[in-house]
Amino acid sequence: MEKKLYTPGILQYIPFFYVIWSDDLVSASEINVVENSINNDVSLDQIEKRTLLSWLIKDKPPTDHTFKQWKHTISSSQVLLIESETYPLATFSQKVVCHYYDTCPFNMSLKDIEINLGIQPNHYNHLFDVKVVEEISSDFYDATKIDAILKGQNAAVVDDFRTALNHPIFKWEVHRDKEKFRARVLDQVVYLAEQGYGAMAFSEAYGGTGDMEGYATIFENMMYVDGSLTIKFGVQFGLFGGSIQKLGTKKHHDAYLQQTGKAELLGCFAMTETGHGSNVRGIKTTATYDKITDSIIIHTPGKNDNKEYIGNALHSTMASVFAQLIVNGKNEGVHAILVPIRGENHNLLPGVRIEDNGYKLGLNGVDNGKIWFHQVSVPRENLLNKYGNITPEGTYESEIKNPNKRFFTMLGTLVGGRICVARAGLGGAKMALTIAIKHALKRRQFNDSVKIQEDLLMDYPSHQLRLTPLVASAYIYHVTLDKMMEIYCDESQPDKRKVETQVAGLKSIITWYANSAIQECREACGGKGYLLENRIADLKGDVDIFTTFEGDNNVLLQLAAKGVLSDFKAEFNSAGFTTVLKLLSQQLSDKLATVNPMYTNKTDKEHLLNPKFHQHAFNHRTRRLTYTVAMRIRDYIKKGIPSYQAFLKVQTHLLALGKAYSTELAYDTFHTFTETIADEKNKELFQKLGSLYALSELRKDASWYLEQGYIGSTKSKAIRQRQERLCTELRPHLNSLVDGFGIPDHCISAPIAN
């Protein structure tokens with residue numbers, strides 16, 4: 001047996017000290033944890049305690065000679081690390097002692113250090129020889145229970161829908177002929193309509209269940225089959241059907257909803273124009289009432305005033321056309337009119353011209369097209385007249401007298417579409433993350449000459465840091481979008497302006513997140529991620545457009561920011577900017593009261609993981625940006641600059657505010673949700689996901705927080721370290737977390753994920 005250089009008491013701590021000083025894992029505050037454990041360890045005598053404590057002085061690390069002795073002692077024991085054991089490092093240390101001594105009881109103090117410091121095998125498995133094991137992930141968490149938490153009250157709907165997707169018609173294939181692809185997707189949409197899913201959000205009278213929340217959840221799940229199916233389905237039932245349902249009245253419902261829900265009447269949603277995308281109020285298509293014929297004349301007045309990028313344009317027989325309604329020579333603003341565009345044998349009707357948009361970056365199973373109207377006449381009754389009507393006498397009437405309020409009320413009814421787009425993007429990100437992580441839990445690459453097997457990709461800290469925060473974000477955004485749809489569907493709150501502001505911002509940050517997540521997953525899978533068969537390439541092309549349809553993200557963020565400023569509308573109107581700024585200034589100074597040097601450099605684990613810190617940091621940023629942008633706008637207006645120009649001058653500031661507001665909203669929504677989780681084990685997991693999301697977001701904007709003096713350099717470094725630590729702590733549970741998304745096995749068709 002080798003020479004015994006250390007007593008059993010000291011020897012049991014050697015692997016821990018070797019890990020700590022090799023990777024510089026602990027901060028000064030965490031060294032206190034180790035010191036306390038040593039002082040309270042009854043198995044140690046005073047000499048052993050003094051020796052161990054002498055190796056814990058931050059400014060006096062062990063000498064190279066001591067370090068080499070540790071390494072030699074550990075290696076000579078020939079003990080192999082087994083990562084799957086409950087307390088791998090404490091157990092490894094016990095076995096090292098067992099090699100040199102006859103007595104080697106398990107030390108609970110070491111277990112406490114391992115738990116309190118959150119030391120995971122990924123911190124140190126490169127330092128020791130590792131035993132070959134088959135387990136690649138922990139089964140500590142039950143993925144079905146995680147999935148049940150996410151499904152919530154929509155469990156029955158989601159489960160039934162996932163079962164419905166297990167049909168040969170939904171088998172994923174590579175499609176590069178758009179005509180065949182479109183035909184396949186149309187067949188899928190018709191099949192889902194036959195199963196009752198098309199009419200789902202409609203009332204029972206029209207073949208549905210009135211379940212808009214359930215509709216949003218199946219929208220996300222459709223992404224697991226194909227992005228083109230998701231969007232085609234959304235256009236037919238959500239946009240075309242939704243416009244009839246939300247903007248029309250009973251006569252329209254009776255005439256069209258049941259046929260639409262069954263996909264017997266195929267329609268499109270003709271809002272966007274070549275010359276006017278996000279600016280709906282500025283569209284040029286006209287709908288002029290002709291009193292003599294009691295009809296409405298739809299017309300495309302100029303070269304770039306055609307409807308553009310209209311989904312379902314090639315298959316539809318009717319369009320919900322948004323146009324400037326002109327009655328008795330007066331423009332009453334944008335309204336929607338149902339316009340037949342094809343007749344028998346699917347021939348275009350007189351005055352209607354449609355062109356195929358052709359191949360796109362993605363979603364080539366959706367038949368997007370351009371539409372022109374030349375003096376197309378439709379009956380007066382085709383006006384979707386819930387918010388504005390033309391009477392039989394030929395006069396315009398509306399219960400909402402203010403044209404601006406009428407316009408935003410009309411658009412507010414379509415907020416559900418933005419929620420569904422965000423959910424579709426999230427579904428794409430979940431699919432990509434599932435593929436990338438399951439691949440990383442199988443694929444091995446690199447090692448040193450001592451190792452007997454190569455390392456799993458998922459065991460590399462860099463890989464964990466790339467993918468784990470993205471998984472956490474998926475959970476936060478899932479919960480947030482569920483809540484937004486719940487609020488949107490709450491009929492006791494008819495004013496949708498607040499939720500419109502919230503959804504505008506969330507749609508932006510979530511679809512941007514989805515794109516960056518899918519790109520990261522593609523890179524994380526190397527060349528395999530570039531192959532079509534592994535799905536990520538198509539997800540990348542399909543989700544890309546989500547950042548600019550249903551509202552360009554940069555425009556929507558400004559809408560969200562203006563909504564934040566509008567929270568002070570009463571003060572603006574009654575006393576101008578002065579009152580508003582005083583109120584904002586007071587609220588801001590109240591929040592800043594706790595921002596002192598001790599706070600800006602507070603780095604202990606309890607503080608950095610405390611939701612109160614996260615909420616305070618997010619709220620501080622939102623309030624600070626609100627205050628400063630309002631000050632800038634006021635100063636420009638005081639100089640005589642028109643308000644529109646003033647807002648243009650602070651445009652980038654507004655974007656920053658929109659992002660800050662949306663991130664705070666997402667975190668607060670998720671935090672509130674975690675408090676409702678009954679099972680303590682899963683509640684703790686969700687709280688850890690929330691902490692990782694918060695620290696990752698703070699890290700992204702660390703420069704702003706440093707500029708503002710909210711955090712110091714020491715705290716910024718501590719946030720980064722704690723973020724990395726959380727990633728390694730969650731590493732054993734990543735497989736359970738992606739399985740917790742609930743993607744059916746029959747949808748995970750990528751070879752690298754199986």
Side-chain angles (χ1 to χ4, degrees), residues 23 25 30 83-89 114-125 135-147 149-150 429-430 432-442 455-479 513 517 520-521 524 605-606 608-611 614 667 670-671 673-674 677 679-700 718-742:
D23 288 356
L25 272 176
E30 290 174 315
E83 299 180 34
S84 59
E85 291 185 315
T86 307
Y87 304 107
L89 187 55
E114 189 167 358
I115 292 173
N116 290 327
L117 294 189
I119 301 177
Q120 298 292 318
N122 303 290
H123 290 131
Y124 52 77
N125 60 8
E135 295 85 354
I136 59 171
S137 188
S138 167
D139 60 359
F140 184 73
Y141 293 104
D142 186 340
T144 58
K145 292 182 179 179
I146 297 173
D147 182 32
I149 292 172
L150 290 182
K430 286 180 179 179
L433 284 165
T434 299
I435 295 167
I437 286 173
K438 286 188 176 294
H439 173 62
L441 290 171
K442 293 194 309 176
D455 294 315
L456 287 170
L457 292 182
M458 207 65 251
D459 285 337
Y460 289 104
S462 59
H463 217 75
Q464 296 161 16
L465 189 59
R466 293 169 72 181
L467 298 180
T468 313
L470 298 174
V471 173
S473 296
Y475 275 82
I476 275 68
Y477 294 144
H478 178 107
V479 168
Y513 150 79
E520 196 66 62
C521 290
K605 173 182 175 181
E606 288 70 23
L608 294 180
L609 297 182
N610 192 332
H614 306 151
Y667 179 80
F670 183 79
H671 173 64
F673 173 81
T674 60
I677 300 175
D679 178 68
E680 283 299 320
K681 185 168 79 169
N682 285 309
K683 181 176 183 177
E684 183 181 344
L685 174 64
F686 274 64
Q687 288 172 333
K688 188 170 285 189
L689 292 170
S691 294
L692 179 55
Y693 173 80
L695 295 180
S696 299
E697 289 299 319
L698 294 177
R699 180 70 188 154
K700 287 177 187 176
I719 288 172
R720 173 178 56 78
Q721 292 174 331
R722 183 55 55 186
Q723 177 197 17
E724 293 176 1
R725 183 75 57 82
L726 282 171
C727 289
T728 57
E729 288 178 23
L730 288 167
R731 153 63 182 91
H733 313 299
L734 281 174
N735 195 57
S736 297
L737 285 169
V738 295
D739 282 349
F741 293 151

Can you list the steps and then say if K683 with Q687 is a side chain to side chain contact (heavy atoms under 4.5 Å, CB included)?
CA-CA 6 Å; K683 181 176 183 177; Q687 288 172 333; 3.6 Å; yes
Residues Y477, Y513; criterion ring pair (Phe, Tyr, Trp, His ring centres under 6.0 Å); working and verdict
CA-CA 10 Å; Y477 294 144; Y513 150 79; 5.2 Å; yes
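The six-membered or imidazole ring of F673 lies away from that of Y475, with a centre-to-centre distance of 6.0 Å or more.
D679 places none of its side-chain heavy atoms less than 4.5 Å from the side chain of K145. Looking at K430 and H478, their side chains come closer than 4.5 Å, going by heavy atoms from C-beta outward. Looking at E114 and P88, their side chains come closer than 4.5 Å, going by heavy atoms from C-beta outward. Between Y667 and E697 there is no side-chain heavy-atom pair separated by less than 4.5 Å. In this structure, Y693 and L689 have side chains that are not in contact, with every pair of non-hydrogen atoms separated by 4.5 Å or more. In this structure, the side chains of L730 and V471 stay at 4.5 Å or more apart for every pair of heavy atoms. Within the 4.5 Å cutoff, the side chain of P461 has no heavy atoms near those of the C727 side chain. No side-chain heavy atom of T468 sits under 4.5 Å from any side-chain heavy atom of I437.
Residue pairs that meet the salt bridge (Lys or Arg N to Asp or Glu O under 4.0 Å) test with at least one member in residues 461-470, sequence neighbours left out, are R466-E520.
Partners of A143 under the side chain to side chain contact (heavy atoms under 4.5 Å, CB included) rule, at least two apart in sequence or in another chain, are D739. Every residue meeting the side chain to side chain contact (heavy atoms under 4.5 Å, CB included) condition with H733, not counting sequence neighbours, appears here in chain and number order: S138, F140, Y141.
Of the possible donor and acceptor atoms, none in the side chain of H463 sits under 3.5 Å from a partner among the backbone N and O of A440. A donor-acceptor pair is defined here as one N or O able to donate and one able to accept, closer than 3.5 Å; no such pair exists between the side chain of Q723 and the backbone of L692.
For the pairing with L441, the side chain to side chain contact (heavy atoms under 4.5 Å, CB included) check across L457, V738, D459, N735 returns one residue only, N735.
Within a 6.0 Å sphere centred on NZ of K681, other residues, nucleotides and ligands contribute more than 12 heavy atoms.
Once rounded to the nearest 0.5 Å, the distance linking CD1 of I435 with SG of C521 reads 8.5 Å.
With respect to R720 and E724, a salt bridge is recorded, a charged nitrogen being found less than 4.0 Å from a carboxylate O.
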